[in-house]
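Structure first, commentary second.
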Amino acid sequence: MAKLGVDALFAGKDHVIGGSEATQKDAQRKRTMSDIEKAEEFARTSRPSK
């Protein structure tokens, strides 16, 4: 993770998304969502399972 950050810094990027491909795709998808959509998804996925 530190290498990703250092490489991004030297490449002039202001942020980096680490993790699996699924994590990166999810982060990209959330960039296009409104705050309301993100809040609704968070509420749905953070509920305890029964």
Side-chain angles (χ1 to χ4, degrees):
M1 185 53 108
K3 182 176 180 347
L4 286 174
V6 170
D7 290 346
L9 178 67
F10 287 125
K13 297 180 181 177
D14 61 353
H15 67 280
V16 75
I17 300 168
S20 67
E21 188 175 327
T23 300
Q24 293 176 12
K25 284 182 179 180
D26 189 48
Q28 184 66 27
R29 183 181 60 84
K30 287 183 178 175
R31 287 177 138 196
T32 62
M33 294 171 71
S34 71
D35 287 343
I36 292 172
E37 290 172 317
K38 287 187 251 184
E40 288 171 348
E41 181 178 320
F42 177 77
R44 219 177 22 257
T45 59
S46 64
R47 289 189 184 117
S49 55
K50 294 181 180 184

How far apart are the closest heavy atoms of M33 and R29, and which atoms are they?
SD-NH1, 3.3 Å

Is the NZ atom of K25 crowded by more than 12 outside heavy atoms at less than 6.0 Å?
no

Residue pairs, two or more places apart or on separate chains, that pass salt bridge (charged side-chain N to carboxylate O under 4.0 Å, His left out) and touch residues 5-20
K3-D7

salt_bridge(K30, E41) N-O dist < 4.0 Å
yes

So which atom in A8 and which in V16 form the shortest heavy-atom distance, rounded to 0.1 Å?
CB-CB, 4.0 Å

Taking all atoms of both residues into account, what is the closest heavy-atom pair of T23 and I17, and its distance?
O-CG2, 4.4 Å

Salt bridge or not between R44 and E40? Use side-chain N to carboxylate O under 4.0 Å.
no

Check side chain to side chain donor-acceptor pair (under 3.5 Å) between Q24 and all other residues, then give those that pass, not counting sequence neighbours.
none

